Structure formats: structure tokens, C-alpha cells
Amino acid sequence: SSNYETALATGNIDASILAASACASMANFACSTLQEKADMCRKFIRLMLDYSHFAFLGTMRLDLQAALNLMGESKDVFVLTGDAFDEPSLSDKLVNVFTFLLHKSSIAVHMGNWEMAIDTSPTVRYGIRDMRNIPGHFTWSHNLAFAALACHEEYRRSKRRKFLSRAKRYKRELTKLSNQGAATASALRLLLQAEFSTIVKADTKRCKDTYDAAVARFHDLQLLSYKALANDRAARSFLLLGERSTAGDYLVSARDSYQQWGASLKVAQLEEEIESLSHSK
């Protein structure tokens, strides 16, 4: 925020927009704790209002509301309405519809609302051809991976092969980004490989090794939210494979990672599942 304020104070509009866009990026959301993200957004919003510089103001408010939702500071985690942002204001030209959908789908994936994840995924809604124009490897990688995870889950539930085909197509696109040297794409591709291994009923050791590799890669990249998600997805997969003890270990790891990220609603969800699993052993 200090770079942003300096740029505004010196009238360097290009530099101020660059600083604001970096704060509003999905990469920033993934690697910061939710409290850090909320505090950062509040600082930027105050500066924007003080200097009457409104580029990214709507997006910053949306980012803040998404963080607050996951922290449990809203009436409904799936509705981006609260003190910072109100969904009906989406018609405001300062708010990008793509960013809105990106946050909605991300919250849905983390919280396990797969119907909403499919419905709000920008990649599923607009298709790969239109989405390839998104600037930055990170956001495109995030979109592809989260869309693939949602399609994997829909295939598990419905057995409709169109969802599996979509997931494979998204994974191929992610592989292209990985081959271009995108580190986040490479780590997310590992997570999708682990998911696919459980779908085709590969041996449990191979599944576990791949999930563990994805978790380790996210840890190395300091992508706390993705590390939490990878542990959560591993737990769901091993529950389906009947490996309840292994699933329990992953649930605990997911709970700890989500707690570190600051997603209190997800933590509460996982604690209920951990308790339920322990009672049913």
C-alpha cells in the first residue's frame, strides 16, 4: 500500500494502477492469509477514497467481501453481500463480472458447493477459447484447475462423461501452462492428477503419493489456500476409496491449513466432519 500511496501522491497514475492490480490479483488472494488480505484491501480502499482514485475500487471491495465471507463475517458465505460489497451492485461498471464469478466459484470449491462451483465457473461458463485472453498465468491456471475440480466432482456424482471430458480438457490446458514454466500451473496439475487417479481407481499408494506431492509443492510456493484445498480434496477421495484412517489424517491437515489461512467457516465444517469420522470408527 505504501507504493500505491507514493504513486498517487506523485501523480504517477500508471504506477498506482499497477500497484492496485497486484493487490487485487488472485495470486495475492491465494498466498496471503484472509486477515492480511482484508487489512490490505481496507488500506487500499481508504487511499482510493482519500485520493479520489477509483480504479479497482469495486474490485477491491469485492476482494474484501470474499475474504470476510470465508472468515465468517457475513450472513451467507455463498452470497457476496455485506459491509464491503453488495451483489446487486455488480451492475456498477467498476466491478468486473469475471472477478465476481471468480470469487463465487472459488468460495464454492473451498466450501464444497459443487453445483454453485459449476454454475459460476468462468471457464465452464465462457469456454476455453474466450478465457485464454485472461492476462497472467496465475489467474488462468486457477480458473482451469478449479473448473476441473468442479467437473471431477460432478462426474463422481452424476457419472455423466461430459464432465470428465471437460476436466481432461482443462487439465491439458493446464499442462501447456506448466510446460511454459508456470510454477503454479505445475502444482495445480499435480492436484488434478491425484484427483484423476482416484476416479480411475488407481492404487491407493499412487493416489496418496500424488496428493502429497501436490501439498508439498503448494507449501514450497507458499500458497496456503491451495495447500489447504489439496488436503481437503485428498480427504474426500480417500473417504470414497474406503480409507477412513488416511482420510482422517488429511481432514486434520486440511483443518490446520484452513485455520492458518483464516477460513473459520471451513474450519468449523471440517471439525464437524473430523468428530463425526472419529465417532464412526
Side-chain angles (χ1 to χ4, degrees), residues 29-38 66-78 105-117 145-146 148-150 152-157 187-188 190-199 201-281:
F29 206 101
C31 65
S32 305
T33 68
L34 291 171
Q35 187 62 61
E36 288 170 343
K37 180 65 177 179
L68 294 175
N69 276 32
L70 286 164
M71 291 166 68
E73 298 183 21
S74 63
K75 293 181 179 179
D76 186 342
V77 67
F78 299 116
S105 63
S106 296
I107 289 172
V109 168
H110 281 295
M111 296 301 298
N113 185 335
W114 299 106
E115 183 178 351
M116 178 178 165
F146 275 50
L149 289 173
H152 275 157
E153 194 65 26
E154 280 302 302
Y155 173 73
R156 281 174 170 165
R157 293 164 181 263
L188 288 167
L190 272 175
L191 176 56
L192 296 187
Q193 287 175 344
E195 290 278 303
F196 188 73
S197 294
T198 63
I199 288 175
K201 301 291 193 291
D203 65 273
T204 54
K205 183 180 184 305
R206 177 184 169 189
C207 295
K208 188 175 188 305
D209 287 347
T210 313
Y211 274 117
D212 287 346
V215 169
R217 189 74 62 82
F218 291 135
H219 177 81
D220 290 343
L221 293 171
Q222 298 182 331
L223 294 171
L224 185 57
S225 63
Y226 289 176
K227 178 183 174 182
L229 178 62
N231 278 306
D232 184 55
R233 294 307 305 152
R236 313 293 162 190
S237 294
F238 280 101
L239 280 173
L240 290 174
L241 293 172
E243 299 285 339
R244 298 171 68 82
S245 178
T246 302
D249 291 340
Y250 279 116
L251 281 176
V252 171
S253 295
R255 189 267 321 272
D256 293 345
S257 293
Y258 273 114
Q259 195 161 44
Q260 189 178 355
W261 190 37
S264 59
L265 282 181
K266 183 66 179 184
V267 170
Q269 180 192 84
L270 289 167
E271 286 181 339
E272 287 184 10
E273 295 180 36
I274 291 168
E275 183 177 0
S276 176
L277 188 63
S278 66
H279 288 329
S280 63
K281 287 183 178 179

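Bear in mind that the values here come from a model prediction, so they are computed numbers and not experimental data. Each residue takes its place number in the sequence, starting with 1. Heavy atoms only: backbone and side chains are in, while hydrogens, waters and symmetry mates are out.
- Nearest heavy-atom pair across K208 and T246 is CE-CG2, 4.2 Å.
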- Task: For side-chain contact (heavy atoms from CB on, under 4.5 Å), just list the numbers for I274 and H279, CA-CA rounded to whole Å, side-chain angles, deciding distance to a tenth of an Å, and then say yes or no.
- Result: CA-CA 9 Å; I274 291 168; H279 288 329; over 6 Å; no

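- The line from CD of E115 to CD of E154 is 7.5 Å long, rounded to the nearest 0.5 Å.
- The shortest heavy-atom contact between Y211 and S237 is OH-OG, 2.6 Å.
- More than 12 heavy atoms of other shown residues, nucleotides or ligands fall within 6.0 angstrom of atom CD in E271.
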- Evaluate the criterion side-chain contact (heavy atoms from CB on, under 4.5 Å) for residue pair L229 and L149; output intermediate values, then yes/no. CA-CA 11 Å; L229 178 62; L149 289 173; 3.8 Å; yes

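- A distance-only check finds a donor-acceptor pair linking the side chain of S225 to the backbone of A30 [under 3.5 Å].
- Taking every heavy atom of both residues into account, A194 and T210 meet most closely at N-CG2, 3.6 Å.
- Within the 4.5 Å cutoff, side-chain heavy atoms of L277 are placed close to those of L239.
- Considering only heavy atoms from C-beta on, F218 comes within 4.5 Å of L188 through its side chain.
- Separating the CG atom in L265 from the CE atom in M111 is a distance of 5.5 Å, to the nearest 0.5 Å.
- One finds the CG atom of N69 at 7.5 Å from the CG atom of D76 (value rounded to the nearest 0.5 Å).
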- Between Y226 and V215, does a side-chain contact (heavy atoms from CB on, under 4.5 Å) hold up when you go through it step by step? CA-CA 8 Å; Y226 289 176; V215 169; over 6 Å; no

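- Among all heavy-atom pairs drawn from A117 and V109, the shortest one is CB-CG2, 3.9 Å.
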- Item | Stepwise side-chain contact (heavy atoms from CB on, under 4.5 Å) test for K266 and L270 | CA-CA 6 Å; K266 183 66 179 184; L270 289 167; 4.0 Å; yes

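- Rounding to the nearest 0.5 angstrom, the gap separating the SG atom in C207 from the CD atom in Q193 is 11.5 Å.
- Between A66 and F29, the shortest heavy-atom distance links the atoms CB-CZ, 4.0 Å.
- Contacts classified as side chain to side chain donor-acceptor pair (under 3.5 Å) and involving residues 256-265 (residues at least two apart or in different chains) are given here: H110-Y258.
- Remark: K75 pairs with no residue by the side chain to side chain contact (heavy atoms under 4.5 Å, CB included) rule, at least two apart or across chains.
- Crowding of R157 atom CZ: a count of heavy atoms from other residues, nucleotides or ligands under 6.0 Å exceeding 12.
- Put simply, the side chain of L251 reaches to within 4.5 Å of the side chain of R236, judged on heavy atoms.
- Between the CG atom of D203 and the CG atom of L241 there is a distance of 10.5 Å, given to the nearest 0.5 Å.
- The CG atom of L190 lies 11.5 Å from the CG atom of D209; values are rounded to the nearest 0.5 Å.
- What you find for L223 and C31 is that their closest heavy atoms are CD2-CB, 4.1 Å.
- Inspection of the T198 and R156 side chains reveals an N or O donor paired with an N or O acceptor under 3.5 Å.
- Salt bridge annotation for E153-R233: present, with a cationic side-chain nitrogen under 4.0 angstrom from a carboxylate oxygen.
- Looking at residues two or more places apart in sequence or on another chain, you find no salt bridge (Lys or Arg N to Asp or Glu O under 4.0 Å) involving R217.
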